[in-house]
Structure formats: C-alpha cells, structure tokens
Number of protein chains: 2
Amino acid sequence: MPHIYNRRDLSFQLYEVLHAEQLCQAPRYQDHSKEVIEQLFDLAERMAEELFQPHAALVDEHEPVFKEGKVVINPEVKRALDAYNESGLTAASFDFEMGGMQLPYLVSQSMTFIFAAANVSTAAYPMLSVGVANLLSVYGNKEQQSKYLKPLIEGRFFGTMCLSETQAGSSLADIKTQAVLQQDGGFLLQGNKMWISGGEHDLSENIIHLVLAKIPGGQAGVKGISLFIVPKYLVNDDGSLGDRNDVVLAGLNHKMGYRGTVNTVLNFGENDGAKGFLVGEEGKGLNYMFHMMNEARIGVGMGATSLAYTGYLHALSYAKERRQGRYLSQKDPASPMIPIIEHSDVKRMLIQQKSYAEGGLALGLYCAQLVDLQRIAKQAGDADGLKQYTLLLDILTPIAKSWPSEYGLRANEQAIQVHGGYGYTRDYPVERFYRDNRLNHIHEGTKGIQGLDLLGRKVTQYEGASAKLLFTEIMHSVEQAKAIDDLSTYATALQKHLDLLMQTTQTMQQKIPSKGMSAYLANATLYLDAFGHVVVAWMWLNQAICATDRIQAVVNDDDRAFYQGKIKTCMYFMTYELPAIETTLALLSQSDTQCMDFDASGF
Amino acid sequence: MPHIYNRRDLSFQLYEVLHAEQLCQAPRYQDHSKEVIEQLFDLAERMAEELFQPHAALVDEHEPVFKEGKVVINPEVKRALDAYNESGLTAASFDFEMGGMQLPYLVSQSMTFIFAAANVSTAAYPMLSVGVANLLSVYGNKEQQSKYLKPLIEGRFFGTMCLSETQAGSSLADIKTQAVLQQDGGFLLQGNKMWISGGEHDLSENIIHLVLAKIPGGQAGVKGISLFIVPKYLVNDDGSLGDRNDVVLAGLNHKMGYRGTVNTVLNFGENDGAKGFLVGEEGKGLNYMFHMMNEARIGVGMGATSLAYTGYLHALSYAKERRQGRYLSQKDPASPMIPIIEHSDVKRMLIQQKSYAEGGLALGLYCAQLVDLQRIAKQAGDADGLKQYTLLLDILTPIAKSWPSEYGLRANEQAIQVHGGYGYTRDYPVERFYRDNRLNHIHEGTKGIQGLDLLGRKVTQYEGASAKLLFTEIMHSVEQAKAIDDLSTYATALQKHLDLLMQTTQTMQQKIPSKGMSAYLANATLYLDAFGHVVVAWMWLNQAICATDRIQAVVNDDDRAFYQGKIKTCMYFMTYELPAIETTLALLSQSDTQCMDFDASGF
C-alpha cells in the first residue's frame, strides 16, 4: 500500500509556501525547529504506515460490536493508539505547562492529516480527546484541569463531545438532558445522547464525556444550556479511579463508513443519576463549545482532505500501472496497451483529484497557521494581530470544513472511477474512502449550517470586517501573481471571480430590507460552495506563485516536474473549476426564493 | 416502507405526456390497452412491495457467499424471482410467437423501473436474462431459439453477458478467451471472464452464458471477436438438461453496493474445454453485442433513476415527519419545532432530487417509447420513421445511460443529507441506494466511454443527422412553450442553451483539422454532462407544457398541486441547473487540451 500522502507536497506547502519554520522564531515555539518538526513527521509517517494503515480495512469490515453491554473493538486499534500515546502525540499542540509539546498547531494538524489519511477511523479517537482537552484547557478550573486534562493529554483518558440527542441534532436549543443541582453542590444528569463517537470502549483507562445539559429553572433555548464533565469512572482527588458513573451504553450506530470509530447512544443517569461537574458558568455551555468549534471544524475539513488525498494517490498509482486501450491515433490492435494514465479523460480525473486534495490541504494548513498566529499574537499582547487573525479564521472556518467535504468526496468518487470495476470492490480501498468521506458534510454542523454560518454571520460580522480582510489578502496574492508572466492570466481570472463574489454579496445584502433575511439566506449553501471555490483558487494561486519562483533555481528533474505540476494544476483550477461559480453567483445575486417558496404539496 | 415510486407521476408521464395508450393502436400492440397496462402495474407494484422490497436490505447485509464451489444466495431472492417468472413478467416485451406478452417496451421498462426501485439487486437477474433473450431473438438460429430462448423468456433459464476479462475491461479488443473449432463443428472455449453478474447460482434450472471469444487464426482486434452460447448445463434436443459444461466458478467479487446481485469470476474450459455454440457469423460478436447495447444502456440509466427516485421519496417522507429547528423569524425557543421540509435548504435538496429523479424517468421513458416506435415502424415497413427513431435513439443512448448515473447519484447523496446522521446509518435505506448507484457509471460502458460515444460517434454520424434531428425535436417543444405565458421564459432559456450547445459542437468540429481528433475528444465527458442537461431540460419543458395544459381543467386540489409541482420543478431546472453548462460549453469551445497535455511526472 502506502500512498498515504506525498511528503514532498507537504514540505512544499509548509516550508516553501507558508514558511512554517518561521513560527519557531516566536517565543512560544522557540524550542522547536524545522529539524524537530521533520523528525516528528518521520515518526508520524512510520507509525501511520506500520500501525494505522494496516488495520484500516479490517476495522471497516469488522466494525465494533456491542456484546453484553460492552464494546468490542479489534485489538489492532488499541495497539496503534497505545503507541500513538506513548510517542506523546496527543500532547503535541498543548502547552509545556500542561504537559504538552507546545508544537505549532500547524505541525500537529499536519500529523493529524497523515494519520487520518492512513486510517481515519482510528485517528478519530485522539482527535476527539484533543478537542475535549482543548476545551478544558481554556474553560476548566484548576481542579478539573489537574483531574482530567493531564490524563487526556497523556492519552490515558479519552474524551467525547455529547451534544446531540435523538430529537435534537442540529437544533441544540431543544436538548432535554437535565442536570439537577444536589445538596453537595454537584450535579446529577439524566438524559440520552445520540451520535457519540468514542462513547464506550476499553481503549483507555477512562472516558471523559463533555455533556450539554439544561439546569431546571434556567432560560429557555440555547441560553439555558450548560456544560458538564461526566467521567465514565469518577476520579478521586489523588487521580486514581473511583466508582463507575451512571453512564450506560444503550446501543451502537451502524454507519455506512467511518466504521472503525465506534458511534454510540448513551444513557446518562438511568439509575441514580450521572455525576457531572459544571464547566465554567451556568448557561454558557454552547458558547464554550462554539469557542472550540473553529478548530474542530478545521479538523473535519482536514479529515476530508486526508481521504481525498490518499484516494488520489491510490488512483494515480493504479492509473500508472493498469494498461487498457490505446491512443486514438494507434490503430494497430496488436500494439501493446497503454497505461490508462495516458488517456485524456483519466488524466483529467487525476488532475481534478490533485486540485481538490492538494487545494484542500493548502486551505487546512493555512487555517492551522492562523491558529498559531493567533496564539503568538495573544502571547505577545499584539491585540491588532490577534484581531486580524481571528477575523480571517472566523470567515474561513465554514469553508475549511465544507469545501474539502464537498470536493474531497468528488475526488473519492473519481478515484473509484479511475479504478473502473476494481474500484467498486472492497479489494481496493477507494470505495472505503468514499464511504468514509460521506460523513463529513453531516457531523460538526451540517453543510446547510455552514452555509448559514458563512452568509448569515461571518460575512456580515463587524460590518463585514472579516470578508473585507479576506478579500484584501486574496488581492495581495493577485497583485503578486499579476507581475509574473506565467500567472498573470490566472491572477486576472481570480480577480474577476473575486469581484463577482464581492458584488454578489453586496447585491444580496442590499436586498435584505426589501426581501427579508429568509430570502437572503435561502440559498446559503450555494453561496458557501461558490465562496469556497474562490478561496481554494487563491490557495492554488499562492502555490503557483511559490512554484514559479522556486523553479528558477531548480537543478533536478523531479523538482522541476513537481513545480510544473503545481503551476499546471493552478491553471486547471482557474480554467476548469473556478468559472463554474459564475452562474451560481448570477443566481444568488437575484436572491431567488423559488425553493423557499415551493409549496410542499407539489412534491 | 414503500416509497418505491409515485404512481401518479408514472401515469402522468406515460399517458399525459407520452400518450402511451396510443401505442396500442398499432397492430403490434393492438391486443393491449390502458386497462391491461394498469392491471400490470397493479401487479408489479404489489409484487415489488411484497416480494422485492422486503429483502433488499437483507441481501445487502448478507451478500451471496461462495461455499464449496457454489453460490449461496438468500432464499428470499428465489422466492421473489419465482413469483416474477410465474407472473410471466420476464416475457413482457417479447413477441407472442416467442411466447412473450408482446407488450410495449415502454410498459416493460416502467415495470423494470418499479422493481429496480424496490430492490435493484434482485431485479437485475431478470434484466440480464431479458438482455440475453433479446440478443438470441435477433441473432440466434432456429435451433438456438428453441433450445435457449423459450426457457429464458419463461424464466426457467437465466442469462449472463460474458465480455470483460481481468486484463480487458473497457478494451474488449484485447480479450484472450479462445474458441477452438472441433471436428464435430462445435467449439471448445478456454479462458477467464471477469465481472459476470449472475454467473453462478441456483436461482434457475440453467444459466445461459453469452461469451465473447476469439477463434484462433481470426483477425486481430475487435473484428476477431465472435459470440458463443455457453450453457451451464448442456441442453438436449428435447429441451431436457444434459451434462454440466466446463464452466467453473473461480470466485466472487465483493462490491460496495449492488451486493445482492452475485458478481463472479468464471473459468471456461479449465478441464476439457467449455462447449460453445457460435451465434451468427464469426467475427461479428461485438457487433451483435452493440446492437443490443442501446437497450442495455437505457436499462442501466433506468436503474440509476429508480435508485434516485426511491431515495427522493424516502427523503421527502423523512423531511415531512422529522421536526428540527424553527423559522428564522420565530425567535421563541419554546415554540414547537417545525418539520425540516420547511427549511429552505432542505426544500432545495428535495426539489433538486425531484428534478433529477423525475427528469431521469422522463428521459428513460422517452427512449423506451422510441424503441416501440422503431418496432412499430419496422412492422409497418415505414423506413423513414424507422430511420428517424433510430437516429434519435442513437444519440440519446449515451445520455440516457450516463445522465441518470451522474445526477441520480447526486440525488442519493442529497437524500442522505436530508436524513442527517440517520441517513448515514444502515438503519435507513438511503445509504444503500447511494452505494448501489455508484456502480452505474462503471458497468455497460464507463462514463468516459459514453462521452466518446456521444461526441466521437453519435454527434457526427451521418453528417450530424442524429444531432440535427434531436435539436429540431427540442425546438418543437421550445416553440410550443413559447406560446404559453407561464413557460415562455423557460422556453427561451432552453433555446439559449440549445443554441450554445449547437454552436459549441460546431466550433469544436471546426477545430478538428487544426487541433486533431484527440483534442476534439479530450473533454468528451464534460460535453456529455452538458449535453445531458439540455436533454433533461427539454424533458422538463415537455412535462411543464403538459401540466400547464392539464391544470386548466383540474377539479381537485391534489391534481392542482401535482401540476404546479411539475411546473415549478421545470422552473427550478431551468434556473438552478441548466445555466451551469454555460461555463462548461465555453471551455469546450476552446478545445482545450491542458489535461491531455499534462505531463504525468507533474502528479
């Protein structure tokens, strides 16, 4: 196998495009260097190949099962995760003072990208724990941090996010789980939670559930939601494990893909009540969750990119080896068949995948770097910088989540097509990637919700400050590329589409007073896709700018081919992909409401 | 469950749009009437609901297994197929003289649509037999017809098409299976065949394999390919079964979807040689196969439509029942949640599915009717009519195969999205439809091959006669719709895009002398999609023309809502879907070759 990722590309994107090593000049990251980072990638790559990828098909075929109230998971998963934790990788991006490695988030995201490409299901467990730990590191009190955060970072405890309930998926205001204050100042929780990834297993010593619940008598809706720590095993003051808490596995969800990650229904407090510990203030549960949402959503997008990326590499390898047919000009049926990569349509499918996979990676890495720049600015007391990076990250988050979910799935669809009938069988991994990737538009906020977030909140917030800043950043690249002969056409193409996007946004906003907010948001999902294409076109232009510069000094053929490939893929994206948004934007600028107005009796 | 199909829509499309009952005025179909047809639909509907749909999930979860050289298939499949055959449905479209019902192909395709929507995997078996019987009814000699055709039509024998080999999928010229002439005038076959659906099972008394093979000493390439009947059990002159032929099951292919249809690897003649009987003339095997290909490809498209259709109905039902969230204007969190169909984005996803599913059905039915018109014209000695219908069917076939495969899959993707997390679980059928539908771009000629067929052959054949005739037909509808107030805008929209398509086609052809044939065909797949959208827009305009007429005389609310739904969905397709082809056509008119020219070292 391998074909997990392309190290050359990751290096290009990190060091040549983003200058990741410069992050190590900031006090926060000064203990690290490019050498340290590269050693970590060596480690991650080896572990991904040796411990993660080999059981990826296995846990798909033999998903976790529910036996006598327990979850049985293939032992290969625990073996891989134990090794992962022993290497300290869960702790990668956490501060030294919390026991972390204090690595740039950009680096930990790159490693996550590698592990998810090797085995997205197994890689999901530490991702979940990191999310929980992240939240506790910001909002947990000292006691909570010492009891839960440290073992989470060490990988001894795993974590979950318990938001949804059967009757409340996207509509969190309607959760019913209750947390009742007890005499001793603690809470007892009662309720059922749905779609809980990693909700029960024996992979770790303990599981720390972060649970959204309502305290009786609180406000209605989202303002009545609080956040609680509900450990599977209670933790004593000395850190040792105490009694089993009243959290019971009610069942497993059986998914189309992502099967290796156990997904559960949990009952809290069906006996005595589940002991829960309030995080922060009452009624702020959803705020805390959303504060961490940016990173979680970038993580989902990165997972989608991982799947697109490994699918593309598998398809590429297959296309180079598989022989079928001849050139149109070759009429002699006795002549040898050619590798299918030589067929124009196959090549087009590969370029498309490359543009989606590497474009998605560029976007994920760019956003991860923004997280680092935020952290650096914060430490340096650079309020202006902090504001800028936050504005950018805010508006890019729904794109970083949804664009790779949409186009990564298309890439996986094409990876199957390149394989022909073989791609449709379970003997090749591409059908699995396709099934896995279908999840990403659903969890951590559906695609529809990302659209509403972008158009209804991010684009308008602070009088459009996020959008203005982003557009200014894109124009920087456009101006740079205009000065480069080979790229000026593509710079102009991006500028044209950016202008269209800006005009459309303005036109839509101007219609709010007359047409109303519902009409403005009616096609937010289409807006999201179009916006995403502009952003990824920008990512491709940045790569091409870098490649045209680098190619000047190239001395070996491999590097020349690599940079040429980047420039040509930028060209592909600008000519084959980006123009498709023109008709979408034309439609959006009318604030058309025919779908909203469609009478349901007409279905 | 049900949600298999919408009888109201099928009736609308058959009788109101296509006037199917008029087919019964032709001598060929004069024994039938609308009443007979309706009774058959009652029967098909009942069987689909009671015998096909109930085990669809079961055979997906427990696919056929290979045990001791045999294939074990869930007994529900045989039960359903026995009932199907007892009802005589396999014989539906065959001539009376062959023991068939001599029903319009339009009617048999409609029934196939219903059965495939209920259970595509089980419905595939009779579809395969019909394909084999079809071929033998045209090219088999008297003896072959009496030995094999009759039992195939009765459903006592099942059939397969054995084309592909491991090393030759799309490249049939490169098959290696050999057929060696024996002293007795018979042939012995040796070779391996891949991707054989229904290649081995105990569902029928016998299996009749139609096998492509090369006779040693024949021409190279496709002209050296002959077609052979290779029965699993030899058939004696009196019709009784004789010895087991040397056809051995080598293994099963394990697919992502369509799992209930057993897919096999077969070894022919690994012992004494498999006895085969030449069909027609030597070297014409591929011609014979391609002659039957139109119907097979329309059938694949219809299968894709079936999946899109049932997925849409499931999503629609879910969206009406599932409550989640509130209107944007409803700020009170204590107010009841609304059915998700009330959310604009959900409604858009449903309209999109409706436009794809019902548009695909319209296309499949239109093509099926052309087959009937061909047959009627042939019987009537109407050479001109026959030519016209054939020209249309020729150019529409790649569209009818690929458009529903492409957009039916999108519909199924959206059906999952409407269901949210539930749609991603195996508790709901929509993820299965999605997996099933992914096959349709691969079998019976990949999407890439359909594109080459359309642009390289069908568009140019007879000096563009097929294309000209089709465009004239579309313009008929456009002119009709222009005279209708409610539709004139959409008529103009279709005309505009049809013009664009015609201009683009011309521009591309004009560049052949300078740029070459490879450049002309480089983006044939993109051309196929764009062309398909114009054709389906036409199908929607025809439906809207009919609906605006019918709605005048409507007396009940259901009918009014139904017709309104048709008109609004036409509007949706013209405004949300069709314009997307503009940028594709602009790209195509440049005969751009960047994908073809992309240096493989740049990947």
Side-chain angles (χ1 to χ4, degrees), chain A residues 169-171 173-174 195 220-221 253-256 316 324-325 328-329 333-334 337 341 344-345 347-348 350-351 354 416-417 420-421 424-426 431 438-439 441-442 446-448 517-518 521-522 525 561 564-565 568 571-572 575-576 579-580 582-583 587 594-596 598-603, chain B residues 169-171 173-174 195 220-221 253-256 316 324-325 328-329 333-334 337 341 344-345 347-348 350-351 354 416-417 420-421 424-426 431 438-439 441-442 446-448 517-518 521-522 525 561 564-565 568 571-572 575-576 579-580 582-583 587 594-596 598-603:
Chain A
S170 295
S171 187
D174 296 284
W195 309 124
N253 294 309
H254 299 286
K255 293 164 291 175
M256 171 166 72
L316 177 61
Q324 199 81 171
L328 282 175
S329 54
M337 290 198 282
I341 198 171
S344 178
D345 192 49
K347 220 182 256 182
R348 185 186 57 76
L350 290 169
I351 300 170
K354 181 179 167 78
I416 293 176
Q417 195 66 18
Y424 194 64
T425 69
R426 279 122 64 199
E431 66 87 29
R438 184 62 190 83
L439 176 62
H441 264 324
I442 300 172
T446 62
K447 187 176 182 187
M517 209 51 195
S518 301
L521 292 171
T525 309
Q564 279 293 359
K568 297 282 184 192
M571 170 170 139
Y572 165 84
T575 49
Y576 278 62
E582 291 167 24
T583 50
L587 177 74
Q594 62 174 281
C595 292
M596 190 172 89
F598 192 99
D599 191 327
S601 65
F603 280 115
Chain B
S170 295
S171 186
D174 297 283
W195 309 123
N253 293 310
H254 300 286
K255 294 164 291 177
M256 171 167 70
L316 177 60
Q324 199 81 172
L328 283 175
S329 53
M337 291 198 281
I341 197 171
S344 178
D345 193 48
K347 221 183 257 182
R348 185 187 56 77
L350 290 168
I351 301 171
K354 181 179 167 78
I416 293 176
Q417 195 67 18
Y424 194 64
T425 69
R426 279 123 64 198
E431 65 88 28
R438 184 62 190 84
L439 176 62
H441 264 325
I442 300 172
T446 63
K447 186 176 183 187
M517 207 52 194
S518 301
L521 293 171
T525 308
Q564 279 293 359
K568 297 283 185 192
M571 171 170 139
Y572 165 83
T575 48
Y576 279 62
E582 291 167 24
T583 49
L587 177 74
Q594 62 175 281
C595 292
M596 188 172 91
F598 191 99
D599 192 326
S601 65
F603 281 114

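Chain A is the first sequence line, chain B the second, and so forth, proteins listed ahead of strands; every chain is numbered from 1. Below, all heavy atoms of this structure are taken into account, side chains as well, without hydrogens, waters or symmetry copies.
- Contacts of A/E431 with chain B are made by both backbone and side-chain atoms, with heavy-atom separations under 4.5 Å.
- Contacts with chain A were tallied for B/L439, B/L521, B/L328, B/T446; B/L439 has the most, counting heavy-atom pairs under 4.5 Å.
- Minimum heavy-atom separation, A/M596 to B/S344: CB-OG, 3.6 Å.
- Residues B/T525 and A/D345 share a closest heavy-atom pair of OG1-OD1, 2.6 Å.
- Residue with the most contacts toward chain B among A/G221, A/G448, A/A561: A/A561 (heavy-atom pairs, distance under 4.5 Å).
- For the pairing with A/Q417, the side chain to side chain donor-acceptor pair (under 3.5 Å) check across B/K447, B/H441, B/R438 returns one residue only, B/R438.
- By number of non-hydrogen pairs under 4.5 angstrom with chain A, the leading residue of B/F598, B/Y576, B/Y572, B/Y424 is B/Y424.
- Between chain A and the residues B/A580, B/G421, B/A220, the most heavy-atom pairs under 4.5 angstrom are made by B/G421.
- Interface remark: B/K568 contributes backbone and side-chain atoms alike to the contact with chain A (heavy atom separation under 4.5 Å).
- Proximity to chain A (any heavy atom under 4.5 Å) is shown, for B/I416, by both the backbone and the side chain.
- Summarising the geometry of B/N253 relative to A/T425, their closest heavy-atom pair is CB-CG2, 4.4 Å, with the distance given to 0.1 Å.
- Looking at A/L316, only its side chain comes within 4.5 Å of chain B, counting heavy atoms on both sides.
- Proximity to chain B involves both the backbone and the side chain of A/L350, based on heavy atoms less than 4.5 angstrom apart.
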Test side chain to side chain contact (heavy atoms under 4.5 Å, CB included) applied to B/D599 and A/Q564, step by step: CA-CA 9 Å; B/D599 192 326; A/Q564 279 293 359; over 6 Å; no

message: I'd like to know whether B/Q594 forms a side chain to side chain contact (heavy atoms under 4.5 Å, CB included) with A/I351, so could you lay out the CA-CA distance, the side-chain angles of the two residues, the decisive distance to 0.1 Å, and finally the verdict.
response: CA-CA 10 Å; B/Q594 62 175 281; A/I351 300 170; over 6 Å; no

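- When heavy atoms are compared at a cutoff of 4.5 Å, B/I341 approaches chain A solely by way of its side chain, counted from C-beta outward.
- For a residue to count as touching a neighbouring chain, one of its non-hydrogen atoms must lie under 4.5 Å from one of that chain's; by this rule B/S171 touches chain A with backbone and side chain alike.
- Inter-residue side-chain proximity for A/F603 and B/K347 is flagged as met; some heavy-atom pair is nearer than 4.5 Å.
- In this structure, CE in A/M571 is found 8.5 Å from SG in B/C595, a value given to the nearest 0.5 Å.
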